[in-house]
Amino acid sequence: MPNAVFVAPFLLPATVRFVAAAASLPDVRLGVISQDPEDRLPEEVRAALAGHYRVSDGTDAQQIADATRVMARHLGSVDCLVGMLEQLQVPLGEVRDALGIPGMGAEVAYNFRDKARMKTVFETHGVPCARHRLVHSGAEARAAATELGYPLVAKPPAGAGARSTFRLDNDSQLESWLQADPPGEVHPVLLEQMVIGAEHSFDSVLMNGELVWHSISRYLPTPLEVLENPWIQWAVLLPRDISGPEFDPIRVDGVKGLRALGLRTGLTHMEWFRRSNGEIAISEVAARPPGAQFTSLLSYAHDVDMYAAWARLEIFDEFSPPERRYAVGAAYLRGQGSGTVVGVHGLEVLQREFGDIVVEAQLPGVGQQSSGTYEGEGHVILRHPDTAVVEAGLRRVVEVARVELGGAS
Ligand SMILES: Nc1ncnc2c1ncn2[C@@H]1O[C@H](COP(=O)(O)OP(=O)(O)OP(=O)(O)O)[C@@H](O)[C@H]1O
Ligand SMILES: [Mg+2]
């Protein structure tokens, strides 16, 4: 029976779902390392744990290593170290390397975490992606703009949630951006050629370097467009049938990219574009299960528990590729304005029209603070065997549902 340690700095609902899935697997002894107290876990999860160790900084490699050593003494050994947070992937790799625990090491984790390095690896291996420069000063930024040309996208090299990500169309926007948020030696910024096209994800499982399963979704529209236009509510569509030749390029280049980064076994979340000329460009990839309800979307589309499937893959190196049974989509309900939620409108219409295909709804509550992200204040998940039904449903939800914000704080 393997001894596994789950590093979960904060025991927030999404994290708890992954921890609970790991704890529910038969024949695992699971310890948890967190910053939050154990009582943030539901009673049945706590009852299933072999141990809990509290640290003051759950993303600090030294503290994780020390806590893992304590767990190893307590359990006899630690055979597997897991965690799903993006910021944890490099520290987890470092601790695996230091303690001789199998799994992704720091070198590979860093290829995924540092987007400039990731793109350099892609370019070296002929994986299509946007050209980029990592800039440490205004002068380097201006030189990169001349070399790459507009439009450009500026973003932090290890960002998440599209924070501090901006489109720059000309010299004057570049100068304003340099004034407001200049790059520096300690805060370099990644400048990329902006790819114009339709954005998608490619979520996949590799085992020993071979593709064993994948899922493709379409973003409606791109997260950057959502951020640039406060009235847009984001949606994601997972078509039921993804077997067509239009997706062959991402199957080939996606896997080539993952291998180039050094991944052997794991579930990853990749984002990519299809340009209007049909060519693809890989945008980025995370060596962890996807966020933004995507793990739930994958579960609904395949009628399986992808949280548990991920935990089994991590802990037992086992994965049974599930069959895609449905088209699924999520519409993210996003407040207009700023402040807190003062009203949610249109839900009666949606209940009437889509009540039977809604499989999950997390509705914004009055008084809830605006999230300030493109994922908004709540979401609705639709599922149906026919992709066209889900697509039309998503468009209708984002057209009809309106989250009103007010009392700017
Ligand atoms: N080179 C590019 N060309 C066009 N759009 C881009 C480019 N880079 C980023 N974007 C847009 O900005 C969004 C955020 O960028 P990216 O995915 O790299 O950052 P992130 O902070 O990891 O975001 P998230 O956590 O939301 O995935 C992308 O989803 C895409 O819409
Ligand atoms: Mg992204």
Side-chain angles (χ1 to χ4, degrees), residues 14 84-90 109 111-123 127-135 141 144-145 147-169 173-174 177 181 187-203 216-229 232-237 250 254 257 261 268-277 279-295 297 330 332 334 371-376 379:
M84 27 67 68
L85 276 192
E86 173 67 17
Q87 313 86 284
L88 268 179
Q89 299 310 318
V90 171
N111 282 343
F112 281 86
R113 179 76 181 131
D114 183 315
K115 295 179 190 185
R117 184 159 140 162
M118 175 188 293
K119 293 240 151 81
T120 303
V121 171
F122 284 164
E123 279 168 11
V127 177
C129 62
R131 289 183 61 212
H132 76 282
R133 287 286 172 271
L134 188 64
V135 301
E147 198 191 333
L148 301 174
Y150 294 106
L152 289 171
V153 174
K155 58 179 156 182
R163 273 181 283 278
S164 309
T165 301
F166 302 101
R167 171 179 178 154
L168 304 173
D169 277 314
Q173 287 179 6
L174 175 77
W177 169 73
D181 197 8
H187 291 293
V189 173
L190 188 56
L191 286 182
E192 294 182 5
Q193 276 180 335
M194 176 152 186
V195 180
I196 311 286
E199 194 168 349
H200 298 75
S201 77
F202 176 73
D203 300 279
I216 291 167
S217 76
R218 168 91 189 263
Y219 296 176
L220 308 164
T222 72
L224 193 55
E225 280 172 85
V226 177
L227 282 175
E228 285 174 341
N229 299 282
I232 296 181
Q233 305 193 83
W234 191 46
V236 172
L237 173 70
I250 184 58
L261 296 171
T268 54
H269 173 63
M270 181 177 277
E271 296 180 320
W272 60 282
F273 290 90
R274 186 189 302 285
R275 303 177 197 259
S276 46
N277 67 3
E279 285 175 9
I280 69 162
I282 293 175
S283 177
E284 61 157 353
V285 51
R288 54 167 170 80
Q293 272 75 49
F294 270 59
T295 305
L297 295 177
Y332 293 80
R334 181 184 189 207
S371 75
T373 71
Y374 63 86
E375 291 166 30
H379 67 269

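From a predicted model like this one, the values you see are computed outputs, not experimental measurements. In listed order, ligands and their atoms are each counted from 1. Quick note: residue numbers are just sequence positions, from 1.
- The two atoms that bring Ala286 and Glu86 nearest to each other are CB-OE1, 3.5 Å, heavy atoms only.
- The aromatic rings of Trp234 and Phe294 lie parallel to each other, their planes meeting at an angle below 30°, with 60° marking the opposite boundary.
- For the atom pair CG of Leu152 and NE2 of His132, the computed distance is 13.0 Å after rounding to the nearest 0.5 Å.
- Rounded to the nearest 0.5 angstrom, Leu190 CG and Met118 CE are separated by 10.0 Å.
- In terms of polar-atom proximity, Leu224 is counted as a contact of ligand 1, with an N or O under 3.5 Å from an N or O of the ligand.
- Note that CG of Leu191 and NZ of Lys155 are 10.5 Å apart. Values are rounded to the nearest 0.5 Å.
- Of all the heavy atoms of Glu225, none lies under 4.0 Å from any atom of ligand 1, so neither backbone nor side chain is involved.
- In terms of protein heavy-atom proximity, atom 25 (O) of ligand 1 is closest to Gly161 N, 2.5 Å.
- Against a heavy-atom cut-off of under 4.0 Å, Pro223 is close to the following atoms of ligand 1: 29 (O), 31 (O).
- A salt bridge between Glu147 and Arg131 is present, with a side-chain N of the basic residue lying under 4.0 Å from a carboxylate O of the acidic one.
- At a 4.0 Å heavy-atom cut-off, ligand 1 touches Glu284 through the side chain alone.
- Of the candidates Val226, Leu227, Ile232, Asn229 forms a side-chain contact (heavy atoms from CB on, under 4.5 Å) with just one, namely Ile232.
- Using 4.0 Å as the threshold, Glu86 has no heavy atom nearer than that to any atom of ligand 1.
- Sorted by chain and number, the protein atoms of type N, O or S within less than 2.8 Å of the Mg ion (ligand 2) are Glu271 OE1, Glu284 OE2.
- Atoms of ligand 1 lying under 4.0 Å from at least one heavy atom of Met194, given by number and element, are 3 (N), 4 (C).
- Close contacts of ligand 1 with Gly159, meaning ligand atoms under 4.0 Å from a residue heavy atom, involve 21 (O), 22 (O).
- Counting only non-hydrogen atoms, the option in Gly197, Ala162, Ser283 that gets closest to atom 21 (O) of ligand 1 is Ala162.
- The nearest pair of heavy atoms linking Met84 to Pro289 is CB-CG, 3.7 Å.
- The proximity of Val195 to ligand 1, defined as any non-hydrogen pair under 4.0 Å, involves the side chain as well as the backbone.
- Scanning the protein for heavy atoms near atom 15 (O) of ligand 1, the closest one is Lys155 NZ, 4.1 Å.
- Less than 4.0 angstrom separates some heavy atom of Thr222 from each of these atoms of ligand 1: 31 (O).
- Using a 4.0 Å cut-off between a side-chain N of Lys or Arg and a carboxylate O of Asp or Glu, Glu192 and Lys119 qualify as a salt bridge.
- Between Arg163, Lys115, Glu271, it is Lys115 that holds the heavy atom closest to atom 20 (P) of ligand 1.
- With no hydrogens or angles considered, no side-chain donor-acceptor pair links Glu123 and Thr120 at under 3.5 Å.
- Of the protein's heavy atoms, Glu199 OE2, 2.6 Å lies nearest to atom 29 (O) of ligand 1.
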Point to revise | Step-by-step side-chain contact (heavy atoms from CB on, under 4.5 Å) determination, Met270 to Glu284 | key: CA-CA 6 Å; Met270 181 177 277; Glu284 61 157 353; over 6 Å; no
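- Remark: Phe273 CZ to Cys129 SG distance equals 12.0 Å, nearest 0.5 Å.
- Looking at atom 1 (N) of ligand 1, its nearest protein heavy atom turns out to be Glu192 OE1, 2.7 Å.
- Here the shortest heavy-atom distance to atom 26 (O) of ligand 1, taken over Tyr219, Tyr374, Phe273, belongs to Tyr374.
- Partner of Ile280 under the side-chain contact (heavy atoms from CB on, under 4.5 Å) criterion, out of Ile250, Val195, Val127: Ile250 alone.
- No hydrogens or angles considered: nothing links the side chains of Tyr374 and Gln233 as a donor-acceptor pair under 3.5 Å.
- Counting heavy atoms under 4.0 Å from ligand 1, residue Thr165 touches it through the side chain alone.
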